[in-house]
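The block underneath contains the structure these notes are about, expressed in structure tokens.
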4 protein chains.
Amino acid sequence: MLIVMKTNATAYEIDAVVEAVHAMGLRAHPLAGPTRTAIGITGNTGVIEGRGFENLFGVAEVIRVTKPYKLITLDLRPEKTIVRVGDATIGGNELAIIAGPCAIESREQAFAVAEVVNQSGARFFRGGVCKPRTSPYTFQGLGEKGWTIISEIRKRFGLKVVTEALDDSSVALVEQHCDVIQIGARNMQNFSLLKRAGRSKLPVLLKRGMAATLEEFLLAAEYIMAEGNYNVILCERGIRTFAQHTRSTLDLGVVPAIRRISHLPVIVDPSHSGGVSYMVSPLARAGVAAGADGLMVEVHNQPEAALSDGAQALTLAEYAQLIKELQAIHELTAPSRDAPAQN
Amino acid sequence: MLIVMKTNATAYEIDAVVEAVHAMGLRAHPLAGPTRTAIGITGNTGVIEGRGFENLFGVAEVIRVTKPYKLITLDLRPEKTIVRVGDATIGGNELAIIAGPCAIESREQAFAVAEVVNQSGARFFRGGVCKPRTSPYTFQGLGEKGWTIISEIRKRFGLKVVTEALDDSSVALVEQHCDVIQIGARNMQNFSLLKRAGRSKLPVLLKRGMAATLEEFLLAAEYIMAEGNYNVILCERGIRTFAQHTRSTLDLGVVPAIRRISHLPVIVDPSHSGGVSYMVSPLARAGVAAGADGLMVEVHNQPEAALSDGAQALTLAEYAQLIKELQAIHELTAPSRDAPAQN
Amino acid sequence: MLIVMKTNATAYEIDAVVEAVHAMGLRAHPLAGPTRTAIGITGNTGVIEGRGFENLFGVAEVIRVTKPYKLITLDLRPEKTIVRVGDATIGGNELAIIAGPCAIESREQAFAVAEVVNQSGARFFRGGVCKPRTSPYTFQGLGEKGWTIISEIRKRFGLKVVTEALDDSSVALVEQHCDVIQIGARNMQNFSLLKRAGRSKLPVLLKRGMAATLEEFLLAAEYIMAEGNYNVILCERGIRTFAQHTRSTLDLGVVPAIRRISHLPVIVDPSHSGGVSYMVSPLARAGVAAGADGLMVEVHNQPEAALSDGAQALTLAEYAQLIKELQAIHELTAPSRDAPAQN
Amino acid sequence: MLIVMKTNATAYEIDAVVEAVHAMGLRAHPLAGPTRTAIGITGNTGVIEGRGFENLFGVAEVIRVTKPYKLITLDLRPEKTIVRVGDATIGGNELAIIAGPCAIESREQAFAVAEVVNQSGARFFRGGVCKPRTSPYTFQGLGEKGWTIISEIRKRFGLKVVTEALDDSSVALVEQHCDVIQIGARNMQNFSLLKRAGRSKLPVLLKRGMAATLEEFLLAAEYIMAEGNYNVILCERGIRTFAQHTRSTLDLGVVPAIRRISHLPVIVDPSHSGGVSYMVSPLARAGVAAGADGLMVEVHNQPEAALSDGAQALTLAEYAQLIKELQAIHELTAPSRDAPAQN
């Protein structure tokens, strides 16, 4: 159930509704927007009798939810969520660029890449410390030394750091050293991890699972939000299909599809989808043209020597050229991009 | 086997090689490019002894082909093929726009749409006369009357007409009334039809099958070329995957993948992939940003009353707005688009 | 619309209904079953007013059809269709085995295999004369000589011959030399070919397309039936998925799914699905256990020397062993197999 | 690297090799078979120099591994692994039946089902206590009370209990109350969970992920084995494809494919694949016919009232009938089933 407050509802009226929800043993999720606040209700096992709420002061409307999700919807919040990470944003007017190597391999490598990422104007740095690898026998990340390096990059360049967490203990490390918790495609339905991230203060970047339907993807975000963390960024990174010319098939139709249902920002990862570097720039341009709020892209100072996913990393020069094109497409498509939900 | 001629080889020398090939009971496919001519050889059942050709005048190199295709490759023709349809082109500098209704339903409808397509600056008109429909009980096209209407549009507006052929008899009708033969996704491996189109003088627009791998797609084009018709345009229109939020999953990675292997132009059909109109513009922009040479897009004067695929047709106003954005993206990405094969 | 006749309706009453349908410019498809006859009506573009029919003599019920198919349904014919090919049957009590080489390569090869197929008790022989091959440069079948060989096998052994047709001219050749027209996976939605097969007197074995949904598969059968040919056998041969350990993923769930909707018999092709011989026997056993009415299986006297798909052909010894197991499973599962439609 | 010991190698010689491996800072995994012991080596980051081992007493052969997996292979252990759970086995001669409700809902429900499961001769009981659900708002399992109920069933009937674990804390609860740890499809690449299960003394039943390739599936098992737990049972439960008539497409080709590579037992889950009860029996029969070592099947005393996945649960009567058929098919196919690896 959603309770939509009047546009002129006071903070006092909103609190009163929240308390009434709590008094029923349920959880209230007030999301404030530019024009009005709406309150999502979770925790009920059956149908809630909504009549009573309609009589409370400041309540404009009580909406029964028939879809499996509540908090991610435009019904709850008609305006797009802008995730703020310090002074940087994802989902606002600027195109969010999250760039960096697949894995932190050494201080030298990480700093060389961060230098170029910073110069390009990107605000976010990516770099895995614990890597979830298909085989138990391949490079699993630097571990402790990696956390130190990533902390130093954060201080030195002021870049916001996005790093993957695999379990409770690594969520705690990300909270200590980074700015955004990444949940990888393989863990999109690791519900224990989603709940833990939902109890964090940090924003969560949630990658779509390789076989996830749109509904499953949105429900994974709902798991995080249901715990009280409303700063979720969705990331399309390709799905598994019969096609073998890319590592995964980038499903850009999901960008407008999400926009029609949800207020959450969506970014695109062309590197894991393409799987080879010559694919990355065309797919990155396509992602921005399709209306993505940002991009996550792998860059390496020496792709041929990378310990993880080197084939798909851009060189520093390719990356710098790409960023210029992306900014231009982003500006060009701004008017259409912000409209589609009305169609 | 491919025989690459020297850049200064004379027409006489080229003819001599072609004759030598014919004398062996094989077929020669000379493809002239800006810098040199190469000659593809087909018709052999075993390996050909290539030594002899190296001694002929004007021959630069004899290349044994280990891949399953010969004529579609950049080895045979390093420059992109520009398909010329009267004074319009596909694969050259201009972005080719093929627009129109899914099916020709009436003179009134077809002319209303053609009027706007023409004003938008597009050079190609699409419109089905025989429709391949999943059910035998749904609208199968206007038949004879449709051919008349489409001929009139062609004369009145000077638009080049692209229409689907389903079998030998409809290929003949397309040859009589239209400018480009379309082969639909369901017929991509209808080898009888491919061979018939390969014997036509008209260019062929070949749509990718819903489950076609890149190799199968390219080999379908090879079937057409092996019969002597070298004007083939490839069209990505989405593949079948588990995802249900679009009708098919548009696989834009296939655009750079084709560019790395083949000289043939590639266009994208966002309408059949998206399946609903709010998807079409984002996917169309993405297609151009990924490097497509053109777009095939459905427009209708009254989408809500369309007899076939109305849900995915743009209104005339949406279409006009889209075309402007596409042209801008096309110009913006021109430098990168023409480079990828070198990566 | 379906018109269900009373169980004691006379031939005269049935004819009268058929004529009434024709008088409306529509087509009547009377399908007689053990207990009653039902008449499917096709050819209408809008909704038919069914009231009038209810008053005709012998009419029990008029059913409006809301699903996209009519003639393939259990509503029209609650009993399973038994396709009779001379004295052999598909869909009845016996397990139909269709065995033979992928392609007819020589008289010697074809006779060696036919000998063993015949000894095994199988009633059907398969063998391609025109082969639809992915590449234009691979073996395309023996052509004319092939038709002669296959005619001889038919006479010599009394085996019923199943051969693929690719277009109008090859349908005519199959009609002249064989017993069952096969339509391959790549042509499942070649609607011209389906209609041509629908006008043939021979039964049609229709293979599921690699990306065909259940509904599309059934509608392809409906295309054939709508032309008046009610002897259609459906064949599951694997679908295209991300999995690479088999050539196609055999989708055995389609067997009970078809059984719940349609009266048409279903067989399974484990050879094209498995793609390697060690897969064929396990998948064949699974197909029979899932309730298939028969199997289509590739056998070769020298698999390692086969010109087409040799890797997936069983040796004559493997084949003989397999047939025994299949018969045993078929008997064992008979009681459950015939029941599922009631669930 | 694998070290194969001579058939007459002594325990002393084996220990000496293990110690030599440890002395290099690596981990030794000795797997004893009926005829010989082989020792898998993990923990190396580069290539190991194997010459030295060849000189140790009792060593027959040193094999360099080029595939991404080592411990799951037939190279390490040519005989099938028989997982022993008390006096019951999976992978041996008997067909292992794991039956029960999707979720434990109440003492009454669980006991009613367990009663029938026990009578049917099945040795294993399944029943979820913590359920991983797509939506945060659907029934998530009974929690604490569930563990008590399942403990009681285990004592009362002597059935071996298989229950899913989602994270470290639930692994500990499964270890305390059950016999086999189940890792669900959504967690197949939750590497933290795999490692934790690898350190358990209980056998692990690993379900294939919905988009997992054969190699990824086997490598997930390898993660568990690399931690020292060699009792892994693989479970095929359907993959995600475009087909919508089943919940997932059961990929039975994976059964013979695994058999050719690995010594681990494989079972099939027809309930989660089929998704509706009329599919379960045909798919279960097919699974056994394809050579599976066992089946995991959902049964419920009142499927229509089930809190989770009721549509796919068999009634107690359907279940009892099915088990008889499965035993018969299992016996029938025994000779072929145990042979395929030699093909």
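- For the residue pair T81(D)/R77(D), the side-chain donor-acceptor check at 3.5 Å is satisfied.
- Both the backbone and the side chain of E325(C) come within contact range of chain D, each with at least one heavy atom under 4.5 Å from a heavy atom of that chain.
- Interatomic distance, Q321(D) CD to T315(D) OG1, rounded to the nearest 0.5 Å: 10.5 Å.
- For K67(C), the salt bridge (charged side-chain N to carboxylate O under 4.0 Å, His left out) partners two or more places apart in sequence, or in a different chain, are D75(C).
- Looking only at heavy-atom pairs under 4.5 Å with chain C, the residue among T246(D), T241(D), L250(D) that has the most is T241(D).
- With salt bridges taken as basic N to acidic carboxylate O contacts below 4.0 Å, one links R126(C) and E298(C).
- Between D293(C) and R259(C) there is a salt bridge, since a side-chain N of the basic residue sits under 4.0 Å from a carboxylate O of the acidic one.
- V254(C) touches chain D through backbone and side chain together, each having a heavy atom under 4.5 Å away.
- Under the 3.5 Å distance criterion, with hydrogens and angles disregarded, a donor-acceptor pair is assigned to the side chains of R237(C) and S248(C).
- Between the side chains of S281(C) and E318(C), no donor N or O sits under 3.5 Å from an acceptor N or O.
- Residues of residues 208-221 of chain D lying under 4.5 angstrom from chain C, judged on non-hydrogen atoms, are R208(D), M210(D), A211(D), A212(D), T213(D), L214(D) in numerical order.
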